[in-house]
Amino acid sequence: MAPRLYAHAANRQWSPDTAVDWHTPVDLPDDIEAAVVQVMTYLVENEQAALLVPARFLGRIHPHFREVVQLLAVQVADEARHMEVFTRRALLRSPTLGSSSAGGRASLWTLVHESDFSLASFLLSVLGEGTFLDLLAFLVVHAPDPVTRRVAWLAMQDERRHVLFGVAHLAEQSRVDPGLRDRLRAAVERRHDAPLDTAGLNDDVSDALLVLAAGGWNPTSIASGHRRVQALRQAMDDGRRRRLERLGFPADEAAELSALHTRNFM
Ligand SMILES: [Fe+2]
Ligand SMILES: [Fe+2]
């Protein structure tokens, strides 16, 4: 699995300079542009955490598992590109980034500081990046301009690989070590119980997603935006439950654990 995914990853590297047409005219109403800036800011912050997790473990993997080291190294490079393209889109028309929240940062902190590779890979790739696949797909559909759509699409292609590896690795691990599922469950519960985590998704990000889904602030659009954001949350939950079941969790436990996943998505 790791050699094949590494080869795929190495072949699919793209350059932020040429993979996105940064000269496409982007001229959005101010409130929509501000929503894009806010969502991009949130993504940059999350991509940075996603970069740190595999980077922390690189030096601790046994040299025998060469391809795992190579795969994680490329994953780190993927996240560096995601940080770049989301930052560039945020700053395309705006002189500054959007807001960051203490709750969001505290939640990411609990992810970055998980010191066991399997648990960290579970929280990051299976639950966090898995949830992000739906978020990025949502942005591809509801992006108000081609640059935003393109950067979300590019990141989504890489994230699929990150999720695929995390799920395959942990499905195999839990097959050989039946006790692993108890530790995975405890990791989700521990993270859920960590102080501040319950603060959930930054309100500014929540509003920004709603505006992008609605396409504007008028009441009819906002009502349909609400329905689309609800559908996004449902899709995220369905995806997490499906991946948890792939790791061998029975359906009821998968539903329970999915519900405990951080409301900050990552
Ligand atoms: Fe990423
Ligand atoms: Fe990733």
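Fair warning: this is a prediction, and the values are worked out from it, not measured in the lab. Counting starts at 1 for both ligands and their atoms, following the listed order.
Metal site remark for the Fe ion (ligand 1): Asp158 contributes no N, O or S atom at a distance under 2.8 Å. Between the Fe ion (ligand 1) and His82 there is an N/O/S contact shorter than 2.8 Å. Residue side and main chain included, Asp78 places no N/O/S atom under 2.8 Å of the Fe ion (ligand 1). Within the 2.8 Å limit, Glu79 places at least one N, O or S atom next to the Fe ion (ligand 1).
Looking at His162, its N, O or S atom nearest to the Fe ion (ligand 2) turns out to be ND1. In Glu47, the N, O or S atom that comes nearest to the Fe ion (ligand 1) is OE1. Within Glu129, OE2 is the N, O or S atom that lies nearest to the Fe ion (ligand 2). For Glu159, the N/O/S atom at the shortest distance from the Fe ion (ligand 2) is named OE1.
Not a single donor-acceptor pair under 3.5 Å links the side chain of Ser125 to the backbone N or O of Gly166.
Phe132 and Trp109 end up in different hydrophobic clusters when Ile, Leu, Val, Met, Phe, Trp and Tyr side chains are linked at under 4.5 Å.
Taking the six-membered ring for Trp, His169 and Phe117 have ring centres closer than 6.0 Å.
Within a 6.0 Å radius of CG in Asp30, no more than 12 heavy atoms belonging to other residues, nucleotides or ligands are found.
A side-chain donor from one of Arg89 and Thr148 sits under 3.5 Å from a side-chain acceptor of the other. If you check the side chains of Asp158 and Trp14, you find a donor sitting under 3.5 Å from an acceptor.
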